[in-house]
> 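Sharing a structure, written as structure tokens. Questions coming.
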Amino acid sequence: VSEMPIQETWDVFMSHASPDKPYVEPIVDELKRAGVTVWYDKHVLAWGDGLRRGINKGLVNSRYAIVVLSKAYLAERKWTEHELNGLFAREELGKVIILPIWHGITRVDLLKYDPDLADRLAKISDTDSYPDIVASVLEKLGRVLPGSSRTESRANEAQTAGTDGPKPPPISYVW
């Protein structure tokens, strides 16, 4: 009698170009410390694994994807484009999966690559700290940062402020 394989799922898929690992790894570490499960190639794929198969498993079984958009990401094309195409295919009208971070790029750079990405609200690596990014991911997941009552206080604010509901966290706008 063979057992059904356990399906692995992740809260976040980390899409990035290899040269950006020095920026990406602290985000991954902070997310993991906050209890977020992260599909990160360096931690999930092992020697001999099929790259495409491993990436596809992460793309399909993650709730969100942090996409670190950089000049290296836009130039790499093969794997980054594969990941991005898979993420766009998963998005449906009104359901956001792609959570972009602009890392050393501008809106003009993105307009040349993909106008849809240039139009999305994004975190900016120069102005949004790792804790800001983690807090925003936790909010997307409906969780509270360990040792914080941020979500609870937002819910209380919404109840006392009327029917507008909680306000989203600040996001950097770059035009």
> Hey, are the side chains of Leu87 and Glu91 touching, using non-hydrogen atoms and a 4.5 Å cut-off?
no

> Ignoring hydrogens and geometry beyond distance, is a side-chain donor-acceptor pair present between His103 and Ser70 at under 3.5 Å?
no

> Do the side chains of Glu83 and Val67 get nearer than 4.5 Å, heavy atoms only?
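Answer no - side chains too far apart.
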
> Can you tell me how far apart CZ (Arg63) and CH2 (Trp10) are? Round to the nearest 0.5 Å.
14.5 Å

> Minimum heavy-atom separation for Asp20 to Ala72, with atom names?
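Closest heavy-atom pair between Asp20 and Ala72: OD2-CB, 4.1 Å.
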
> Any side-chain heavy atom of Leu69 sitting closer than 4.5 Å to one from Leu117?
yes

> Should we say atom NZ of Lys21 is surrounded by more than 12 heavy atoms from elsewhere, each under 6.0 Å from it?
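Yes, because the 6.0 Å sphere around NZ of Lys21 holds more than 12 heavy atoms from other groups.
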
> Going by the rule side-chain contact (heavy atoms from CB on, under 4.5 Å), which residues pair with Arg53 if we only count those two or more places apart in sequence or in a different chain?
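With sequence neighbours excluded, Arg53 shows a side-chain contact (heavy atoms from CB on, under 4.5 Å) to no residue whatsoever.
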
> Find out if a path of hydrophobic residues (ILVMFWY) with successive side-chain heavy-atom gaps under 4.5 Å connects Leu111 to Tyr73.
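As far as the 4.5 Å side-chain criterion goes, Tyr73 and Leu111 are not connected within one cluster.
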
> Please round to the nearest 0.5 Å and tell me the distance separating atom NZ of Lys32 and atom CD1 of Ile27.
14.0 Å

> Is the side chain of Asp132 donor-acceptor paired with the backbone N or O of Ser129 at a distance under 3.5 Å, no angle test?
yes

> Assess whether side-chain contact (heavy atoms from CB on, under 4.5 Å) is satisfied between Val38 and Phe13, documenting all intermediate values.
CA-CA 6 Å; Val38 181; Phe13 180 93; over 6 Å; no

> Applying side-chain contact (heavy atoms from CB on, under 4.5 Å), run through Val134 and Val36 and close with a yes or a no.
CA-CA 9 Å; Val134 171; Val36 176; 5.6 Å; no

> Checking the side chain of Asp109 only, and the main-chain atoms of Ile105 only, is there a donor and an acceptor separated by less than 3.5 Å?
no

> If the condition is ring pair (Phe, Tyr, Trp, His ring centres under 6.0 Å), which residues does Tyr130 pass it with, not counting sequence neighbours?
Tyr23

> Does a salt bridge link Arg120 with Asp116, judged by any charged N lying under 4.0 Å from a carboxylate O?
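Result for this pair is yes, salt bridge flagged.
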
> Should Asp41 and Ile55 be marked as a side-chain contact (heavy atoms from CB on, under 4.5 Å) after you check the CA-CA gap, both sets of side-chain angles, and the distance that decides it?
CA-CA 8 Å; Asp41 59 354; Ile55 289 171; over 6 Å; no

> Backbone N or O of Ser62 within a donor-acceptor pair of the Arg90 side chain at under 3.5 Å?
yes

> Let me confirm one number: the CD-CD distance from Glu30 to Glu25, rounded to the nearest 0.5 Å.
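So the gap between those two atoms works out to 13.0 Å.
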
> To the nearest 0.5 Å, how far apart are OG in Ser15 and CG in Leu84?
6.5 Å

> Determine whether Lys123 and Ser136 make a side-chain contact, defined as any pair of heavy atoms from C-beta on separated by less than 4.5 Å.
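With C-beta onward as the side chain, the pair touches.
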
> Heavy atoms only: give me the nearest Gly86-Leu59 pair and the separation to one decimal.
CA-CD1, 4.5 Å

> What's the separation between atom CG in Asp119 and atom CG in Leu110, rounded to the nearest 0.5 Å?
11.0 Å

> List in chain and number order the residues that pass ring pair (Phe, Tyr, Trp, His ring centres under 6.0 Å) with Tyr40, two or more places apart in sequence or in another chain; answer none if no residue qualifies.
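With neighbours one apart ignored, the set is His16, His43.
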
> In the structure I gave you, are the side-chain heavy atoms of Asp128 and Trp102 within less than 4.5 Å of one another anywhere?
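Not in contact.
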
> Rounded to the nearest 0.5 Å, what separation is found between the CD1 atom of Ile133 and the CG atom of Leu138?
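Those atoms lie 12.0 Å apart.
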
> Kindly say whether Thr37 contributes a backbone atom to a donor-acceptor pair with the side chain of Asp11 at under 3.5 angstrom?
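Confirmed, Asp11 side chain pairs with Thr37 backbone.
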
> Do you see a donor-acceptor pair shorter than 3.5 Å between the side chains of Thr9 and Asn61?
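Checked: Thr9/Asn61 side chains show no N/O donor-acceptor pair below 3.5 Å.
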
> Do Met14 and Trp39 have side chains that get closer than 4.5 Å, going by heavy atoms?
no

> Group every Ile, Leu, Val, Met, Phe, Trp and Tyr by side-chain heavy-atom contacts under 4.5 Å, then state whether Ile97 and Val60 land in the same group.
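As far as the 4.5 Å side-chain criterion goes, Val60 and Ile97 are not connected within one cluster.
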
> Considering only heavy atoms from C-beta outward, does the side chain of Tyr113 approach that of Lys71 to under 4.5 Å?
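Sidechains of Lys71 and Tyr113: no contact.
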
